[in-house]
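One structure below.
Excluded from the calculations below are hydrogen atoms, water molecules and symmetry mates; all remaining heavy atoms, backbone and side chain alike, are included. Lettering follows sequence order; numbering is per chain, from 1. This is a predicted model, so every value here is computed, not measured.
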2 protein chains.
Amino acid sequence: MLSTLDARTAASILPLPLHKRHEPLRPAVAPRRAYAKDEEIFLEGDEAEFFYKVVSGAVRTYKLLSDGRRQIDAFHFAGEIFGAESGGEHRFTAEAIGEVTLVCHRSRSIGTMAFDNPMLAREVLASTMEALARAQEHMLLLGRKSAVEKVASFLLGLSERTTSGGVIDLPMARIDIADHLGLTIETVSRSLTQLEREGVISLPAHRRGIVLKDRAALRRLRA
Amino acid sequence: MLSTLDARTAASILPLPLHKRHEPLRPAVAPRRAYAKDEEIFLEGDEAEFFYKVVSGAVRTYKLLSDGRRQIDAFHFAGEIFGAESGGEHRFTAEAIGEVTLVCHRSRSIGTMAFDNPMLAREVLASTMEALARAQEHMLLLGRKSAVEKVASFLLGLSERTTSGGVIDLPMARIDIADHLGLTIETVSRSLTQLEREGVISLPAHRRGIVLKDRAALRRLRA
DNA sequence: CGCGAAATTGAGGATACTCAACATCCGTGG
DNA sequence: CCACGGATGTTGAGTATCCTCAATTTCGCG
């Protein structure tokens with residue numbers, strides 16, 4: 001289902017010429033794998049043997065500085081592709097946030113994929129461009145937004161991607177949010193508290209849920 | 001020359017299957033255009049009619065917040081491709097930094113390009129992945145590096161890309177550097193001064209040149 | 001109920017920003 | 001050739017935002 005949707009999206013973004021539309025697709029017998037909470041999927045510098053598509057759960061990809069400072073460049077949810085590389089090795093580390101199931105594709109096939117499996121090739125290109133668009137938006141956030149603006153942007157973006165009607169169930173811990181937004185956990189916490197005081201969100205008891213009470217206000221705060 | 005090099009790079013990244021290697025390439029009669037200093041190439045939100053390859057000069061691409069805060073996501077130098085979009089419109093604004101010459105390609109052809117002109121398609125995919133890699137590295141910089149670390153990273157990156165032997169001729173003003181690194185011009189200036197005091201770089205009289213005196217020290221400072 | 005992990009809150013401090021003055025560069029024109 | 005003026009860059013003083021360190025609370029789970 002998700003796979004079909006993505007293939008259609010990719011096709012609509014990059015329309016096939018008519019004479020190519022009815023090529024037989026080889027049956028997608030790509031292997032799946034399950035990962036436990038916090039399990040490593042691949043490390044920065046690993047040979048890029050596979051790229052992945054999320055079936056269920058959420059994945060974080062990040063880079064580290066030598067002294068341990070971490071920047072999470074993206075979270076990946078169901079239906080999204082990550083780990084496709086142009087060079088021979090992965091440029092970031094990927095870990096399962098909770099329980100995760102992935103589809104694995106051999107990445108040496110990216111070069112020949114355009115001929116073997118054009119649908120998948122288009123999907124990879126589309127997802128790469130999507131990742132680039134997100135990265136550009138995120139650079140604006142990291143370079144130019146205040147702490148509250150960052151948190152507001154994050155919450156809105158998450159609610160748009162997970163299409164939960166106003167209630168977000170955060171799969172990741174505060175430290176992950178902090179390392180994604182270029183903040184500390186304390187500042188993330190204080191920003192959330194501030195948003196709650198202002199009546200824009202509400203934080204239920206178990207700290208993994210967030211209710212968006214005033215989306216318009218959030219959009220204003222996003223800058 | 002640069003075009004040949006890039007095509008080769010793209011080909012090595014994404015090797016062609018043997019039976020496709022000798023397809024005739026259609027003559028590349030893509031039109032060129034020159035732009036004056038600070039001239040707009042396209043605006044964020046414009047229909048993405050073309051994508052571009054830099055022949056000479058340098059280009060900045062950026063996004064703005066509603067109140068005018070700016071984030072320059074990248075500078076583009078000779079041989080580099082920018083402005084290729086998956087959707088129908090450009091997601092950032094592009095401007096010439098100095099005098100610039102560009103090659104323009106119709107971007108509606110990206111979808112069919114894989115069949116019409118596989119070499120160019122590979123180049124676009126490779127440049128997109130390259131842009132993504134840069135963006136990920138830049139997010140680490142924006143989110144987790146100090147001012148001096150940012151400036152050191154920027155200088156090293158620039159010297160690696162322009163292959164000038166230890167002497168950088170900055171095409172862009174301080175304000176552009178600041179908006180690229182998520183700093184103010186004052187902080188950029190102070191960081192450069194500090195690096196000069198430490199003997200790592202030297203700043204000649206005309207403020208557009210920088211001499212890298214101690215690359216090892218710069219690499220250490222980059223974090 | 002009690003423990004450890006995660007999150008929140010508070011106090012104090014550091015980094016980078018703002019505002020302002022000054023310096024330098026460079027093109028223009030006397 | 002030098003003086004002028006605007007744009008660009010540097011330096012300084014004070015401040016705000018976010019970070020650090022520490023204490024406390026809350027949550028999840030035996």
- Message: Per the salt bridge (charged side-chain N to carboxylate O under 4.0 Å, His left out) rule, what does the pair list look like for residues 199-210 of chain A, sequence neighbours excluded?
- Response: none

- Query: With a 4.5 Å heavy-atom cut-off, do B:Asp179 and B:Tyr62 have their side chains touching?
  - Reply: no

- Task: Could you check which residues of residues 63-71 of chain B get a heavy atom under 4.0 Å from DNA chain C? Sort them by number, please.
- Result: none

- Query: Quantified as the angle between the terminal helix axes (five pairs each), what is the overall bend of the helix from C:dC1-D:dG30 to C:dG30-D:dC1 to 10 degrees?
  - Reply: 30°

- Query: In terms of side-chain geometry, is the basic nitrogen of B:Glu80 or B:Arg161 positioned less than 4.0 Å from the acidic oxygen of its partner?
  - Reply: yes

- Query: Which heavy atom of B:Ala135 sits nearest a heavy atom of A:Ala135, and at what distance?
  - Reply: CB-CB, 3.8 Å

- Spacing between A:Leu181 atom CG and D:dC19 atom C1', to the nearest angstrom: 15 Å

- Output field: ring centroids B:Tyr52/B:Phe42 closer than 6.0 Å: yes

- Query: If you measure from the Lys or Arg side-chain nitrogens to the Asp or Glu carboxylate oxygens, is any gap between B:Arg91 and B:Glu85 under 4.0 Å?
  - Reply: yes

- Members of residues 183-192 of chain B that approach DNA chain D, where some heavy atom sits under 4.0 Å away: B:Glu186, B:Ser189, B:Arg190

- Query: Charged N to carboxylate O under 4.0 angstrom, A:Arg174 versus A:Glu186?
  - Reply: no

- Item | Between C:dT18 (C1') and B:Ile175 (CD1): distance, integer Å | 13 Å

- Residues from residues 194-208 of chain A sitting under 4.0 Å of DNA chain D, heavy atoms only? A:Ala205, A:His206

- Item | Derivation and outcome, salt bridge (charged side-chain N to carboxylate O under 4.0 Å, His left out), residues B:Lys37 and B:Glu99 | CA-CA 5 Å; B:Lys37 178 169 154 61; B:Glu99 308 285 307; over 6 Å; no

- Note on the structure: So, with a heavy-atom separation below 4.0 Å from DNA chain C, the residues of residues 136-154 of chain B are B:Ser146, B:Ala147

- For A:Asp214 and A:Ile201, what are the C-alpha separation, side-chain angles and deciding distance, and is it a side chain to side chain contact (heavy atoms under 4.5 Å, CB included)? CA-CA 7 Å; A:Asp214 188 346; A:Ile201 62 173; over 6 Å; no

- Item | SB check A:Arg144 A:Glu149 (cutoff 4.0 Å) | no

- Least distance between heavy atoms, B:Gly199 atom then B:Lys213 atom: O-CB, 3.7 Å

- Evaluate the side chain to side chain contact (heavy atoms under 4.5 Å, CB included) criterion for residues A:Met129 and B:Leu132: first the C-alpha distance (whole Å), next the side-chain angles of each, then the deciding distance (0.1 Å), finally the verdict. CA-CA 8 Å; A:Met129 285 181 153; B:Leu132 182 55; over 6 Å; no

- Which of these, A:His76, A:His90, A:Glu44, A:Glu95, sits in a side chain to side chain donor-acceptor pair (under 3.5 Å) with A:Thr61? A:His76

- Task: Is it possible for you to check whether A:Arg60 lies under 6.0 Å from the centre of the six-membered ring of A:Phe75, through NZ or CZ, and within 45° of that ring's axis?
- Result: no

- Message: Check this for me: does any side-chain nitrogen of one of B:Glu137 and A:Lys63 sit under 4.0 Å from a carboxylate oxygen of the other?
- Response: yes

